There are 2 protein chains.
Amino acid sequence: MLTIGSLARKTGTKVQTIRYYEQIGLMPEPGRTEGGQRRYGDDDLDRLAFIRHARQLGFSLEAIRELLDLSDHPDRPCLEADAIARRQLKQVEQRLARLEALRTELKRMIHECSGGQTADCRVLEVLRDHSECLTDHDEIGA
Amino acid sequence: MLTIGSLARKTGTKVQTIRYYEQIGLMPEPGRTEGGQRRYGDDDLDRLAFIRHARQLGFSLEAIRELLDLSDHPDRPCLEADAIARRQLKQVEQRLARLEALRTELKRMIHECSGGQTADCRVLEVLRDHSECLTDHDEIGA
DNA sequence: TTTACACCCTCAAGCCACTAGAGGTTCAAC
DNA sequence: GTTGAACCTCTAGTGGCTTGAGGGTGTAAA
């Protein structure tokens with residue numbers, strides 16, 4: 001049986017995050033020692049590893065909840081899991097497109113900056129006047 | 001003089017967001033009508049446009065605060081503004097790299113999914129076993 | 001057996017950058 | 001004078017954690 005600390009180390013999670021996942025029902029309530037400390041088994045380790053891996057791939061906790069649910073029902077068709085992953089891919093591709101536009105614009109701003117006084121700073125000038133932008137960047141709400 | 005609503009429309013900002021910027025000191029307290037409604041001038045319009053544009057380029061409100069401060073002092077050297085922009089570019093490039101790795105992995109997962117039962121679903125399988133990943137994706141805390 | 005100390009506990013609040021909603025007031029046009 | 005859109009303040013919620021206060025537990029060495 002693992003303490004919360006060793007589970008945290010094994011999965012690269014913070015202790016508080018594990019308690020948070022328990023609180024929101026993503027991780028089950030584990031057994032406790034007489035003194036009230038949490039003790040985890042291998043199932044918990046697998047589940048947490050799954051969650052962390054999905055988080056690394058950018059899935060939201062809600063999406064992960066669905067994926068875990070599907071994972072618990074091996075007889076169900078896998079269309080749903082596929083759909084969740086496709087949705088995630090789409091989001092990633094949208095964010096990529098936006099970030100690429102951003103990169104272009106930032107590079108241009110910096111490249112044009114002469115290093116003089118802020119009065120002549122291209123960085124500030126471009127920020128002041130959107131019409132100087134070439135790309136259709138829009139990162140807000142991304 | 002502009003009402004908060006027309007300022008919002010002109011800058012593509014929500015009314016509540018403008019009040020929020022005022023609350024955190026990013027926008028100055030505007031004049032008021034006798035009835036207590038906010039009224040804005042052209043300076044406010046410029047400042048808010050600057051803020052929104054910087055937000056679109058992904059700058060944090062703290063970075064924007066610094067940029068606005070620099071913008072208010074045209075005699076100071078522009079090294080600082082340049083540094084802020086470079087920092088931002090670096091962040092954008094890091095996020096791009098991570099997202100590209102993510103996209104690769106997601107595509108592979110989806111591509112390999114046969115569409116059968118969740119028991120055989122590659123999407124779920126990959127999530128279960130990180131060692132099946134080819135890329136060094138890590139989007140958490142990005 | 002005592003003591004040290006790393007680890008664990010709960011609960012509350014904070015982070016960012018807003019967003020939403022309740023409940024009430026003002027402004028401008030008709 | 002009346003309508004109704006737009007305004008006001010204040011509070012709370014979002015996601016995904018993180019931090020901190022103030023205390024209890026577990027284990028190994030002296």
Side-chain angles (χ1 to χ4, degrees), chain A residues 1-27 29-40 44 48 50-68 87-88 91 95 98 138-142, chain B residues 1-27 29-40 44 48 50-68 87-88 91 95 98 138-142:
Chain A
M1 298 298 272
L2 295 164
T3 64
I4 196 168
S6 40
L7 182 64
R9 271 188 299 280
K10 272 175 192 284
T11 55
T13 316
K14 298 209 171 172
V15 164
Q16 298 98 313
T17 304
I18 298 174
R19 289 199 279 249
Y20 170 71
Y21 288 162
E22 179 184 331
Q23 191 188 305
I24 62 167
L26 211 57
M27 286 292 288
E29 288 186 25
R32 301 262 185 164
T33 63
E34 292 203 353
Q37 297 196 355
R38 291 168 178 83
R39 288 297 181 268
Y40 294 93
D44 297 308
L48 184 55
F50 184 104
I51 294 171
R52 294 311 283 177
H53 192 195
R55 284 295 295 137
Q56 285 173 357
L57 286 163
F59 289 93
S60 71
L61 293 183
E62 260 324 291
I64 293 171
R65 214 185 278 277
E66 292 178 62
L67 289 168
L68 280 167
R87 215 163 59 205
Q88 178 61 20
Q91 274 178 30
R95 286 172 64 194
R98 270 191 296 258
D138 186 355
E139 177 42 16
I140 294 178
Chain B
M1 299 297 272
L2 295 163
T3 65
I4 196 169
S6 41
L7 182 64
R9 271 188 301 280
K10 273 174 191 287
T11 55
T13 316
K14 297 209 173 175
V15 165
Q16 296 100 313
T17 304
I18 299 174
R19 289 199 279 248
Y20 170 70
Y21 288 161
E22 180 185 330
Q23 191 188 306
I24 62 168
L26 211 56
M27 285 293 287
E29 289 187 25
R32 301 260 186 165
T33 62
E34 291 204 354
Q37 297 197 354
R38 292 169 178 82
R39 288 296 181 268
Y40 294 94
D44 298 308
L48 184 54
F50 184 104
I51 294 171
R52 293 311 283 176
H53 193 195
R55 284 294 297 136
Q56 284 171 358
L57 285 163
F59 289 93
S60 72
L61 293 184
E62 260 325 290
I64 293 171
R65 214 186 279 276
E66 293 179 62
L67 289 168
L68 280 168
R87 216 163 61 205
Q88 179 61 20
Q91 273 178 30
R95 288 171 64 194
R98 272 192 295 259
D138 187 355
E139 170 55 8
I140 295 177

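Residue numbering restarts at 1 for every chain, and letters A, B, ... go by the order of the sequence lines. Keep in mind it's a predicted model, so treat the numbers as computed, not measured.
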Of the options [options], whose atoms approach the side-chain atoms of [X] most closely?
X: B/T17; options: D/dG26, D/dC7, C/dT19; value: C/dT19
X: A/Y20; options: D/dG16, C/dC18, D/dT25; value: D/dG16
X: B/I4; options: D/dC8, C/dC18, C/dC27; value: D/dC8
X: A/R52; options: D/dC7, D/dC17, C/dT19; value: D/dC17
X: A/T3; options: C/dC8, D/dT9, C/dT26; value: C/dC8

Rounded to the nearest angstrom, tell me the gap between atom [atom1] in [X] and atom [atom2] in [N].
X: A/L57; N: D/dG16; atom1: CG; atom2: C1'; result: 17 Å
X: B/E22; N: C/dA17; atom1: CD; atom2: P; result: 18 Å
X: A/L7; N: C/dC9; atom1: CG; atom2: P; result: 11 Å
X: A/E34; N: D/dG26; atom1: CD; atom2: P; result: 8 Å
X: A/R39; N: D/dT27; atom1: CZ; atom2: C1'; result: 11 Å
X: B/M1; N: C/dT26; atom1: CE; atom2: C1'; result: 17 Å
X: A/Q16; N: C/dC9; atom1: CD; atom2: P; result: 11 Å
X: A/L48; N: D/dG16; atom1: CG; atom2: P; result: 15 Å

For [N], does OP1 or OP2 lie under 4.0 Å from any side-chain N or O of [X]?
X: A/T33; N: D/dG26; result: yes
X: A/R32; N: C/dT10; result: yes
X: B/R55; N: C/dC18; result: yes
X: A/K14; N: D/dG16; result: no

Practice task
Select base, sugar-phosphate, or nothing to describe what A/R38 touches, counting heavy atoms under 4.0 Å on all strands.
Solution key: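 The answer is sugar-phosphate, as A/R38 gets under 4.0 Å only of primed atoms, P, OP1 or OP2.
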
Practice task
Under 4.0 Å between any heavy atoms, over every strand shown, what does A/Y21 touch: base, sugar-phosphate, or nothing? Just pick one.
Solution key: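 Since only primed, P, OP1 and OP2 atoms lie under 4.0 Å of A/Y21, the category is sugar-phosphate.
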
Problem - Pairing residues for B/Y40 by the side-chain hydrogen bond (donor to acceptor under 3.5 Å, both in side chains) criterion, not counting sequence neighbours - result: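 B/Y40 satisfies side-chain hydrogen bond (donor to acceptor under 3.5 Å, both in side chains) with no other residue.
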
Practice task
Find which nucleotide of DNA chain C each of A/G36 and B/S60 is nearest to by heavy atoms, and output the residue with the more 5' nucleotide.
Solution key: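 Its nucleotide being nearer the 5' end, the pick is A/G36.
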
Handout entry: 4.5 Å side-chain heavy-atom contact, B/R38 and B/R32
Key =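 They are in side-chain contact.
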
Handout entry: Heavy-atom side-chain contact between A/I51 and A/M27 under 4.5 Å
Key =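 Answer yes - side chains close enough.
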
Pairs of donor and acceptor atoms involving the side chains of residues 4-12 of chain A, under 3.5 Å and at least two apart or interchain, shall be tabulated with distances.
| unit_1 | atom_1 | unit_2 | atom_2 | d |
| --- | --- | --- | --- | --- |
| A/S6 | OG | A/T3 | N | 3.1 |
| A/S6 | OG | A/T3 | O | 3.1 |
| A/S6 | OG | A/T3 | OG1 | 2.9 |
| A/T11 | OG1 | A/L7 | O | 2.8 |
| A/T11 | OG1 | A/A8 | O | 3.4 |
| A/T11 | OG1 | A/T13 | OG1 | 2.7 |

Exercise for the section: Give the intermediate values and the outcome of salt bridge (charged side-chain N to carboxylate O under 4.0 Å, His left out) for residues B/E22 and B/R19. Expected result: CA-CA 5 Å; B/E22 180 185 330; B/R19 289 199 279 248; over 6 Å; no

